[in-house]
Structure formats: C-alpha cells, structure tokens
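Here the structure comes first, spelled out in structure tokens, and everything after it is commentary.
All figures in this text were calculated on a predicted structure; none of them were measured in a lab.
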Amino acid sequence: QVQPVEAGGGLVQTGGSLRLSCAAATRTFTTYTMAWFRQAPGKEREFVAAINWSGENTYYGDPVKGRFVISRDGTKNTAYLQMNSLKPEDTAVYYCAAGNIAHPTESRYTYWGQGTQVTVSS
C-alpha cells in the first residue's frame with residue numbers, strides 16, 4: 001500500500017519558483033514510478049511529469065518542458081517537483097501519483113495523494 005502525501009504548494013508570483021514534495025510511507029517506494037498531474041478549475045486533470053523507479057528516466061508534459069524538474073530520493077521515500085519560471089496558467093491543484101510504469105495517462109497510476117494547491121499570480 002502506498003499513500004502519497006503532497007506538500008509545498010502555495011502562492012507565488014509569475015516567474016517565481018516552488019518545490020513540491022511527495023512523501024510515500026512505504027518500503028517499496030523505490031519500485032514505483034512516481035508522477036505529478038495537475039487540475040485547473042474547469043479543466044481535466046493533465047500529466048505534468050513522471051520519473052521511473054530508478055530515477056534514470058524522466059518524462060514531461062509539453063507545457064512544462066524546460067521549466068519543471070522531477071526527481072526522487074529513495075532514502076527519504078520522497079519525490080519532488082521543482083517548478084521554475086511559473087506562469088499564471090500553471091495555477092492548479094497538483095497531485096502526486098504512484099504506479100508501475102511511467103505513462104501520461106492517469107489511469108495507469110494506482111495510488112494518489114490528496115493534492116496541493118499552487119497559485120501563480122500575474
């Protein structure tokens with residue numbers, strides 16, 4: 001059983017940075033692909049980034065490529081999303097998810113956190 005818990009959301013100005021964290025209290029953390037999705041008001045949830053179990057492979061959605069970086073620390077059972085050059089359109093609830101393979105489709109992920117709000121002011 002994996003229960004991701006997100007932290008680090010908040011309010012930031014355009015061009016600023018935030019780092020989200022996702023802690024998963026499980027000894028099997030290193031066997032899971034970890035991913036971030038986001039959902040803005042009135043929109044469907046969209047893929048942001050994913051990192052495979054070893055951390056060697058990362059994947060990004062087109063809107064965040066070159067600005068966001070996903071990483072993980074197996075010693076802390078935690079995944080991170082470093083968000084730079086934030087834009088108002090990045091405003092959303094950000095969700096952490098755990099699954100068996102890296103994939104941009106949310107149905108491929110079994111375990112989900114409750115989400116953390118990120119708001120970027122213009």
Side-chain angles (χ1 to χ4, degrees):
Q1 187 76 13
V2 179
Q3 183 53 59
V5 178
E6 305 95 337
L11 174 64
V12 64
Q13 291 185 335
T14 296
S17 298
L18 277 177
R19 188 176 80 155
L20 305 183
S21 63
C22 173
T26 173
R27 288 179 293 177
T28 59
F29 172 79
T30 54
T31 67
Y32 286 95
T33 284
M34 302 300 294
W36 291 92
F37 288 77
R38 68 185 183 185
Q39 188 168 23
K43 295 187 177 181
E44 294 185 352
R45 191 149 53 182
E46 74 171 338
F47 172 74
V48 175
I51 186 167
N52 77 327
W53 68 272
S54 68
E56 292 180 353
N57 298 312
T58 58
Y59 310 86
Y60 296 93
D62 287 341
V64 307
K65 283 181 180 177
R67 300 188 298 123
F68 290 12
V69 178
I70 188 171
S71 62
R72 66 190 298 158
D73 184 341
T75 65
K76 298 180 179 180
N77 288 352
T78 301
Y80 302 95
L81 184 69
Q82 177 67 44
M83 306 185 294
N84 302 317
S85 302
L86 283 162
K87 306 175 182 179
E89 50 264 45
D90 294 318
T91 295
V93 177
Y94 283 71
Y95 297 90
C96 178
N100 292 321
I101 62 170
H103 200 278
T105 303
E106 60 181 285
S107 62
R108 296 297 186 100
Y109 296 87
T110 305
Y111 304 102
W112 290 82
Q114 294 300 307
T116 185
Q117 176 71 46
V118 172
T119 302
V120 184
S121 64
S122 57

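Heavy atoms of other residues, nucleotides or ligands lying less than 6.0 angstrom from CZ of Arg45 number more than 12. No more than 12 heavy atoms of other residues, nucleotides or ligands sit less than 6.0 Å from atom CG of Asn100. Heavy atoms from other residues, nucleotides or ligands lying under 6.0 Å from CD of Gln3 number more than 12.
Val93 and Met34 sit in two unconnected hydrophobic clusters of ILVMFWY residues. Membership requires side-chain heavy atoms under 4.5 Å apart, directly or through other members. The hydrophobic clustering, which links ILVMFWY residues whose side-chain heavy atoms are closer than 4.5 Å, places Tyr111 and Ile70 together.
A ring-centre distance under 6.0 Å is found for Phe37 and Tyr109.
Judged by distance alone, the side chains of Ser107 and Thr105 never bring a donor and an acceptor atom under 3.5 Å apart.
Using modelled atom types, one side-chain atom of Glu6 and one backbone atom of Gln114 make a donor-acceptor pair closer than 3.5 Å. Asn77 places a side-chain N or O within donor-acceptor distance of the main-chain N or O of Thr26, the cut-off being under 3.5 Å. No donor-acceptor pair under 3.5 Å is formed between the side chain of Ser85 and the backbone N or O of Gly15. Using a distance-only test at 3.5 Å, with no hydrogens or angles considered, no donor-acceptor pair links the side chain of Asn57 to the main chain of Asn52.
Taking 4.0 Å as the cut-off between side-chain N and carboxylate O, Lys65 and Asp62 count as a salt-bridged pair.
Residue Leu81 comes nearest to Ala49 through the heavy atom pair CD1-CB, 4.2 Å, listed as atom of the first residue, atom of the second, then distance. Counting all heavy atoms, side chain and backbone alike, Arg67 lies closest to Leu86 at NH1-CA, 3.9 Å. Closest approach of Thr91 and Gln117 over heavy atoms only: CG2-NE2, 4.0 Å.
Residue Phe68 holds its CZ atom at 8.0 Å from CG of Leu20, rounded to the nearest 0.5 Å. The structure places CD of Gln39 at 10.0 Å from CD of Glu46, a figure rounded to the nearest 0.5 Å.
Both tests hold for Arg72 against Phe29: distance to the six-membered ring centre under 6.0 Å, angle to the ring axis within 45°.
Scored by the side chain to side chain contact (heavy atoms under 4.5 Å, CB included) test, Ala40 finds Lys43, Ala92 as partners (sequence neighbours excluded).
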Exercise for review: Start with the C-alpha distance between Met83 and Val118, add both sets of side-chain angles, then the distance that settles side chain to side chain contact (heavy atoms under 4.5 Å, CB included), and finish with yes or no.
Suggested key: CA-CA 10 Å; Met83 306 185 294; Val118 172; 3.8 Å; yes
Exercise for review: Give the intermediate values and the outcome of side chain to side chain contact (heavy atoms under 4.5 Å, CB included) for residues Trp36 and Cys96.
Suggested key: CA-CA 5 Å; Trp36 291 92; Cys96 178; 4.0 Å; yes
